[in-house]
Amino acid sequence: MSKIELKNAEGKAAGTVELDSSVFGIEPNIPVIHQVVTVQLGNLRQGTHDTKGRSEVSGGGAKPWRQKGTGRARQGSIRATQWVGGGVPFGPTPRSHNRRLNNKEIKLAMRGVLSGKLRDNELVIVDDYGFEKPSTKQAVALLKALGLEGKRVTLVVSDDDIYTYLSFRNVETVRVIGVGEASTHSLIDNAALVLSSAVAKKLEEVLA
């Protein structure tokens, strides 16, 4: 088992918590993490980028001048790719960037990220956020007490923890997500990862 200091709602030490070493104590597999993050970022793309090729640009139905005798280079259409306003050669067209991943790879990558965060002291476990109502002021105070003020933070909350979500969503440096939304990319793209003890146990159940 791996151990980490547990924080309370005031940012003070509240004992220690034991974490499953199979989730928080493995050696990160960097190639798998890279592959999973690349695929997840690709799956976020809409793929609606488009340019018009030569056959799609309007106009240019006739030769701009006769083939011979003008002293100029022969041209077949003012919508050829070398003309201003012509078609774009080999431009992007709408397509899907989606790729599928093996579930074992996804879990291995997430375990590697969580283990790396713990090893690099970028993981913070909070016993309970203590929000009885939405309060951005209280959220900012908690970040300051945890020593995370001004840092890019990903805060993972329980899917039904509405007050905590509403309290942190307006803090510019914080990305707050539900545990059901957690992915390799969302867990690694930050300077500090904050989990509640309940979320940590949930991740252990899913990833162990």
Side-chain angles (χ1 to χ4, degrees), residues 2 4 6-9 11 17 19-20 23-24 26 28 32-46 97-101 103-208:
S2 302
I4 185 175
L6 184 65
K7 303 285 188 178
N8 61 19
V17 60
L19 301 173
D20 191 341
V23 177
F24 291 89
I26 70 170
V32 171
I33 293 175
H34 176 267
Q35 180 183 5
V36 171
V37 171
T38 300
V39 172
Q40 289 177 346
L41 288 175
N43 291 347
L44 292 175
R45 297 180 65 178
Q46 290 184 321
H97 294 271
N98 287 350
R99 290 166 55 193
R100 297 186 64 183
L101 283 169
N103 284 334
K104 290 183 178 180
E105 290 179 312
I106 296 173
K107 290 184 177 181
L108 177 59
M110 291 186 70
R111 291 198 298 266
V113 169
L114 292 172
S115 299
K117 289 293 181 182
L118 178 60
R119 182 191 62 189
D120 297 338
N121 297 318
E122 294 181 351
L123 178 65
V124 178
I125 305 292
V126 179
D127 183 25
D128 184 78
Y129 295 115
F131 289 94
E132 297 179 355
K133 62 179 182 179
S135 173
T136 302
K137 182 178 179 179
Q138 184 180 342
V140 172
L142 177 57
L143 289 175
K144 187 174 182 179
L146 294 173
L148 302 176
E149 189 177 21
K151 293 185 178 181
R152 277 195 317 118
V153 176
T154 296
L155 189 136
V156 186
V157 301
S158 301
D159 290 330
D160 58 351
D161 193 352
I162 303 300
Y163 290 159
T164 303
Y165 177 84
L166 294 176
S167 298
F168 280 97
R169 68 174 181 174
N170 286 332
V171 183
E172 186 177 359
T173 58
V174 176
R175 179 186 183 190
V176 55
I177 59 175
V179 65
E181 301 175 78
S183 65
T184 303
H185 175 251
S186 64
L187 296 180
I188 200 174
D189 186 28
N190 51 68
L193 177 63
V194 181
L195 312 175
S196 68
S197 54
V199 167
K201 294 302 179 184
K202 180 66 176 180
L203 290 174
E204 285 181 344
E205 292 175 7
V206 174
L207 300 176

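FYI, side chains are in, hydrogens and waters are out, and symmetry mates aren't considered; it's all heavy atoms of this structure. Since the model is a prediction, treat every value here as computed from it, not as a measurement.
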Side-chain donor-acceptor contacts of residues 132-145 below 3.5 Å, not counting sequence neighbours, with atom names and distances?
residue, atom, partner, partner atom, Å
S135, OG, Q138, N, 3.1
T136, OG1, S167, O, 3.4
Q138, NE2, G130, O, 3.2

Would you give me the side-chain donor-acceptor pairs under 3.5 Å for residues 154-161, sequence neighbours excluded?
residue, atom, partner, partner atom, Å
T154, OG1, S186, O, 3.3
T154, OG1, N190, ND2, 2.9
D159, OD1, V179, N, 3.2
D159, OD1, G180, N, 3.1
D161, OD1, T164, N, 3.4
D161, OD1, T164, OG1, 3.0
D161, OD2, T164, OG1, 2.8

### Task
Using a 4.5 Å cut-off on heavy atoms from C-beta on, say whether the side chain of V36 contacts that of L101.
yes

### Summary
Closest non-hydrogen atoms of K151 and A191, given as atom of the first, atom of the second and distance, are CB-CB, 4.5 Å

### Message
Let me confirm one number: the CG-CG distance from L19 to L114, rounded to the nearest 0.5 Å.
### Response
9.5 Å

## Note on the structure
Minimal heavy-atom distance between A182 and L187, with the atoms involved, is CB-CD2, 4.3 Å

### Query
How many angstroms lie between atom CG of N8 and atom CG of D127, to the nearest 0.5 angstrom?
7.5 Å

### Query
Do S196 and D128 have side chains that get closer than 4.5 Å, going by heavy atoms?
no

### Query
Got a sec: does the NE2 of H34 have more than 12 other heavy atoms crowding it under 6.0 Å?
no

### Query
Can you check whether H185 reaches L41 side chain to side chain, under 4.5 Å on heavy atoms?
yes

### Message
How close do D20 and E204 get, counting heavy atoms only, and between which atoms?
### Response
N-OE2, 2.6 Å

### Query
Do M110 and S183 come within less than 4.5 Å of each other through their side chains, counting heavy atoms only?
no

### Message
With a 6.0 Å cut-off (strictly less than), is the heavy-atom count around OH of Y129, excluding the residue itself, greater than 12?
### Response
yes

#### Entry: N-O pairing of D189 and R175 below 4.0 Å
no

### Summary
dist Q35:CD -> R99:CZ (nearest 0.5 Å) comes out at 6.0 Å

### Query
Can you tell me if R111 uses its side chain to pair, donor with acceptor, with the backbone of L207 under 3.5 Å?
yes

### Exercise: identify the closest heavy-atom pair between Y163 and F131
CD1-O, 3.6 Å

### Task
Supply the atom-to-atom distance I4 CD1 to K117 NZ, rounded to the nearest 0.5 angstrom.
12.0 Å

### Message
Using side chain to side chain contact (heavy atoms under 4.5 Å, CB included), reason through L195 and V126 one step at a time and then give a plain yes or no.
### Response
CA-CA 6 Å; L195 312 175; V126 179; over 6 Å; no

### Task
Inspect the surroundings of NZ in K201 and state if more than 12 heavy atoms from other residues, nucleotides or ligands are less than 6.0 Å away.
yes

### Task
Supply the atom-to-atom distance E105 CD to I33 CD1, rounded to the nearest 0.5 angstrom.
12.0 Å

### Task
Kindly compute the distance separating NZ (K7) from CG (L146), expressed to the nearest 0.5 Å.
7.0 Å

### Query
Counting N and O atoms only, with roles assigned by atom type, does the side chain of E205 sit under 3.5 Å from a partner on the main chain of K202, one being a donor and the other an acceptor?
no

### Task
Report the C-alpha separation of N43 and H97 in whole Å, then their side-chain angles, then the decisive distance to 0.1 Å, and conclude whether the side chain to side chain contact (heavy atoms under 4.5 Å, CB included) test is met.
CA-CA 6 Å; N43 291 347; H97 294 271; 5.8 Å; no

